[in-house]
A.B. asks: 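Sharing a structure here in structure tokens format.
Note that these values count all heavy atoms, side chains included, but never hydrogens, waters or copies made by symmetry. What you see is a predicted model; the values in this text were computed from it and never measured. Letters go in sequence order (proteins before strands), and every chain restarts at 1.
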Amino acid sequence: MEDFKTIEVETDLLILGGGMAACGAAVEAAHWAKQNGLKVTLVDKAAMDRSGAVAMGLSAINQYVGLRDGQNTIKDYVDYVRNDLMGITREDLVANIARHVDSTVHLFEKWGLPIWKDEKGAYVHEGRWQLMINGESYKVVVAEAAKNAIGKENVYERVFIVGPIMDGDRCAGAYGFSVRDNTFYVFKAKAVIATMGGAVHVFKPRSSGEGQGRAWYPPWNAGASAYFTLAAGAEMTCQEVRFIPVRFKDAYGPVGAWFLLFKSRATNALGENYMETRKPELDKWKPYGLVKPTPANLRNYLGMLDVMEGKGPIYMRTEEAIQKIAATSGDEKAAKKKLKELDSEAWEDFLDMTISQAILWAATNVSPEEKPSEIAAAEPYFIGSHSGASGAWVSGPEDIQNDTSKKDYFWGYDHMSTVKGLFCAGDASGASSHKFSSGSHAEGRIVGKAAMRYILKEKPAAPAVTADIVAKLKEQTYKPLKNYEDNVKLTTQNDVNPNYIRPKMFMMRLQKMMDEYAGGVTAQFTTSESMLKRALELLAYLKEDSDKLGAADLHELQRAWENYHRMFQAEAHVRSILFREETRWPGYYFRSDKPKMDPNWECFVNCIYDAKTGDWKMLKRPIHHIFT
Amino acid sequence: MPSYVNPDKCDGCKALDKTACQYICPNDLMVLNKDTMKAYNREPEMCWECYNCVKICPTQAVAVRGYADFVPMGADVVPLRSTDNIMWTVKFRNGSVKRFKFPIRTTTEGQAVPSGGWETAPSIDGPTLSSEPESLGLPEVWTKK
Ligand SMILES: Cc1cc2nc3c(=O)[nH]c(=O)nc-3n(C[C@H](O)[C@H](O)[C@H](O)COP(=O)(O)OP(=O)(O)OC[C@H]3O[C@@H](n4cnc5c(N)ncnc54)[C@H](O)[C@@H]3O)c2cc1C
Ligand code: SF4
Ligand code: SF4
């Protein structure tokens with residue numbers, strides 16, 4: 001095998017990932033680093049300007065509370081999130097993010113993000129919490145502030161993080177490899193912030209050819225946060241709470257502007273509005289079924305029931321919405337002007353964040369004012385910052401606890417996991433959904449300060465990482481290259497080999513079992529105890545075979561480790577769905593053997609992985625209401 | 001084929017140490033063929049059609065052809081991104097064309113000041129973050145009383 005050199009980087013604070021949360025962490029940590037002569041280092045597998053879920057841009061900021069203008073209170077936001085998650089929410093974490101998110105948005109505006117304003121200079125809302133933006137360069141602008149804060153010389157791009165480096169019971173760094181040259185990296189740090197996003201392609205996507213890449217969630221977030229925190233031994237939460245968005249079918253263009261801004265309805269093929277015709281179903285999911293707005297999973301579920309009854313496809317009634325708006329905007333000239341405005345807004349929504357949808361509409365000659373467009377449930381994703389909730393179990397802030405919550409939710413520094421020195425934000429931290437781009441950045445800022453405070457107060461010693469450990473991690477990291485090189489000559493076709501499996505087929509094997517046994521698209525998001533147990537049997541074989549991953553080059557080596565990470569996200573998910581003996585989020589998944597919501601399960605399902613023994617421990621944690 | 005490269009336009013970024021499209025692709029898909037000195041997308045089925053390679057290419061050599069497994073042929077969506085706005089040309093299968101222009105940023109490239117100009121000096125112990133409370137537009141950070 002070729003030679004791989006090792007570079008060891010010593011730093012005070014290590015930020016893993018370069019997305020929204022990481023950029024927030026960088027900006028805040030830099031402030032305290034400057035004051036105290038400390039060093040901050042950031043590592044991203046891609047180029048920060050266009051990495052993570054915001055790489056393409058976005059058309060809305062989904063969390064803005066509006067405290068400055070008295071639009072809403074912190075409690076309003078907590079109530080909204082708790083209800084949308086069917087009661088399963090850490091109120092302390094949601095409140096902590098909500099109290100800082102507006103300043104994140106104001107900073108974005110200063111940095112140069114164009115936020116829509118009305119004639120009076122107030123932000124234009126898409127919905128109660130959402131602001132409209134011209135967000136093509138959203139990530140570029142946010143990354144720029146982060147890089148200016150910590151200095152470009154402290155940013156490592158195209159370095160793929162494989163896993164954590166531990167020093168006793170604390171997290172003391174990370175290891176990974178360059179996908180551009182033959183360099184193995186060891187980062188040693190006093191504190192580590194994990195912000196490597198969520199996971200996609202754990203489940204089989206609906207598309208089977210080129211369109212596999214067009215998942216709603218970007219193919220490059222592959223479960224690194226989940227693996228990193230699990231491998232460090234951190235307690236994880238809400239691993240069962242996947243997210244399945246309903247979007248314009250196939251290209252997954254956003255529906256927010258259509259539902260919220262243009263007030264469009266969705267109907268089945270017979271023209272019936274399932275939110276009305278299926279209202280009685282909501283009674284079964286009380287009290288959450290009766291709150292307004294109806295939780296996202298229940299909205300999905302009502303639509304799915306229609307499809308299962310043969311009433312599909314489901315349509316976004318764009319033509320109706322546009323005609324209604326035009327009809328109420330005055331004379332013919334005014335109506336024409338309004339229509340032009342709407343046309344531009346609707347297309348910008350796609351062009352800013354899901355260009356594929358613009359291509360699909362153009363390719364099928366769609367004029368939204370003339371005919372409706374199909375919407376559908378996508379496939380399951382892990383995105384704790386959005387409407388899912390999976391992530392690490394982290395300490396809440398002391399000042400937001402009450403007497404009972406404090407003993408369960410507070411153990412030290414804000415948003416630090418149960419592992420010393422390991423902080424999480426964005427998709428990496430759990431049970432605090434609906435943070436979106438702005439709240440993830442705000443949570444990044446929270447951990448940026450908290451991690452610096454940890455370093456200043458605890459004064460952790462520089463970590464001890466022996467040469468033996470480094471050598472072992474390096475050998476493991478490059479093993480897929482060796483597997484390939486040692487065996488490729490055994491056959492005449494390098495995809496098929498008795499001694500290795502290439503990452504693509506490994507991923508497809510994972511996706512097939514998750515799809516069929518753990519409630520993917522093919523199984524209509526339905527599973528049961530026996531199916532999940534079978535999934536675990538099949539996963540065990542896959543785990544053994546992960547030792548035989550084979551990679552031809554550095555690019556494929558990255559794919560190998562991405563799929564290794566996905567496999568852990570999959571197992572945490574299967575175990576958590578199995579442990580929770582009820583159905584709480586129909587529309588995300590359905591346990592057909594436990595088809596009802598059970599008040600005894602009004603609690604968190606947490607899990608801990610032991611990297612030494614390979615054992616999993618499942619736990620229940622209580623829900624405390626802090627805002628009542 | 002998601003993103004694809006027109007060989008007549010791609011100049012391999014003039015053999016610089018890294019090509020623009022390879023530098024930017026979030027999924028590490030764009031790569032230079034060292035023999036022909038032309039770039040290509042090595043895993044079209046892992047492309048998100050995020051258009052970052054299209055937007056960054058200095059010679060406009062990269063385009064996108066919608067996913068063949070569900071998009072009918074014949075459409076074309078082409079961006080032209082400058083420092084403060086982006087222009088889009090959307091060509092429909094039936095030949096009709098729409099054009100849009102949207103702003104992309106309000107400040108000069110490279111000039112984002114991390115504190116937003118709100119230089120505050122909070123304590124390391126409380127909940128107040130740097131730039132707060134001024135950046136919140138409130139006298140203090142909310143706390144549970
Ligand atoms: C399709 C879609 C639409 C959305 N729409 C909106 C919207 O309209 N409004 C809104 O406010 N929010 C929206 N969101 C939510 C928002 O994008 C996320 O909440 C936010 O990006 C989460 O931030 P994060 O930092 O946790 O993850 P990300 O921003 O995704 O960042 C993850 C980072 O980790 C890096 N990384 C991953 N693995 C590794 C590894 N192994 N080694 C090193 N680095 C790694 C990535 O390169 C990236 O830099 C949307 C999300 C999606 C997917
Ligand atoms: S950026 Fe354009 S010119 Fe440069 S290598 Fe890529 S396709 Fe060729
Ligand atoms: S469109 Fe995006 S994902 Fe596809 S090759 Fe270009 S930069 Fe990469």
Side-chain angles (χ1 to χ4, degrees), chain A residues 27-28 30-32 46-47 49-51 55-56 67-68 74 99-100 102-103 106-107 110-114 134 136-137 141 144-145 148-149 179 207-214 218-220 250 344 347-348 351 355-356 358-360 362-365 397 399-400 445-446 449 453 456 555 558, chain B residues 1-2 23-24 26-28 31 42 44-52 64 66-77 81 86 88 90-94 98 100 102-107 110-117 124-125 127 129-132 135-138 141-144:
Chain A
V27 162
E28 181 66 20
H31 171 90
W32 303 99
D49 275 1
R50 296 288 191 177
S51 66
M56 184 160 16
L67 293 173
R68 184 175 65 184
I74 300 285
R99 68 174 162 178
H100 296 293
D102 290 2
S103 60
H106 301 151
L107 284 167
K110 286 271 183 188
W111 295 337
L113 176 69
N134 299 108
E136 189 277 339
S137 291
V141 169
E144 183 180 298
N148 286 348
V179 295
S207 288
S208 47
E210 280 177 2
Q212 284 174 88
R214 176 105 286 280
W220 43 84
D250 297 330
S344 161
W347 282 89
E348 180 173 9
L351 294 168
I355 304 160
S356 300
I359 302 179
L360 184 58
T364 47
N365 300 324
D399 68 311
I400 305 186
R445 290 166 61 221
I446 292 167
K449 178 174 176 182
R453 183 163 172 263
L456 292 167
H555 173 71
Q558 171 171 322
Chain B
M1 167 74 202
Y23 163 72
I24 207 68
N27 212 14
D28 194 31
V31 56
R42 61 176 138 194
E45 75 287 3
M46 277 293 125
C47 173
W48 207 40
E49 289 184 352
C50 72
Y51 267 69
N52 285 317
V64 167
Y67 303 106
D69 53 348
F70 65 86
V71 184
M73 297 187 73
D76 200 14
V77 174
R81 185 178 179 271
I86 187 160
W88 290 96
V90 180
K91 212 183 102 224
F92 285 60
R93 182 178 161 98
N94 62 14
K98 280 182 190 285
F100 303 101
F102 306 117
I104 60 173
R105 70 181 292 164
T106 60
T107 52
Q111 302 300 308
V113 179
S115 68
I124 187 81
D125 289 321
L129 304 175
S130 72
S131 85
E132 290 178 343
S135 55
L136 279 165
L138 295 168
V141 174
W142 179 90
T143 179
K144 190 171 163 293

A.B. asks: Might you point out which heavy atoms bring A:Trp111 and B:Val113 nearest each other, and give the distance in Å?
C.D. replies: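 Residues A:Trp111 and B:Val113, closest heavy atoms: NE1-O, 2.7 Å.
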A.B. asks: Heavy-atom distance under 4.5 Å to chain A: side chain of B:Ile104, backbone, both or neither?
C.D. replies: both
A.B. asks: Taking all atoms of both residues into account, what is the closest heavy-atom pair of B:Cys50 and A:Ile355, and its distance?
C.D. replies: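 Between these two residues, the closest heavy atoms are O-CD1, 3.7 Å.
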A.B. asks: Is any side-chain heavy atom of A:Trp32 closer than 4.5 Å to one of B:Leu129?
C.D. replies: no
A.B. asks: Which atoms of A:His31 are under 4.5 Å from chain B, going by heavy atoms: the side chain, the backbone, both sets, or neither?
C.D. replies: side chain
A.B. asks: In terms of heavy-atom pairs under 4.5 Å, which option from B:Thr143, B:Leu138, B:Val64, B:Asn94 contacts chain A the most?
C.D. replies: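 Most pairs with chain A among the choices: B:Asn94.
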A.B. asks: Most heavy-atom pairs under 4.5 angstrom with chain B, which of A:Ala30, A:Pro218, A:Ala358?
C.D. replies: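 Between A:Ala30, A:Pro218, A:Ala358, the count favours A:Pro218.
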A.B. asks: Applying salt bridge (Lys or Arg N to Asp or Glu O under 4.0 Å), can you list everything that pairs with A:Arg445, at least two apart in sequence or on another chain?
C.D. replies: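 A:Arg445: salt bridge (Lys or Arg N to Asp or Glu O under 4.0 Å) contacts with B:Glu132.
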A.B. asks: Which of parallel (below 30°), tilted (30 to 60°) and perpendicular (above 60°) describes A:Trp220 and B:Trp48?
C.D. replies: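 A:Trp220 vs B:Trp48 ring planes: perpendicular.
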A.B. asks: Give the member of A:Leu351, A:Ile446, A:Asp399, A:Asp49 that has the highest number of heavy-atom pairs under 4.5 Å with chain B.
C.D. replies: A:Leu351
A.B. asks: On a heavy-atom basis, which atom in A:Leu360 and which in B:Pro72 lie closest, and how many Å separate them?
C.D. replies: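 Heavy atoms of A:Leu360 and B:Pro72 come nearest at CD1-CD, 4.3 Å.
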A.B. asks: Listed by chain and number, what are the side-chain hydrogen bond (donor to acceptor under 3.5 Å, both in side chains) partners of B:Asp76, not counting sequence neighbours?
C.D. replies: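 If we apply the side-chain hydrogen bond (donor to acceptor under 3.5 Å, both in side chains) test to B:Asp76, skipping adjacent residues, there are no hits.
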A.B. asks: Is it the case that the side chain of A:Asn148 and the backbone of B:Gly110 share a donor-acceptor pair, with hydrogens and angles ignored and the cut-off at 3.5 Å?
C.D. replies: yes
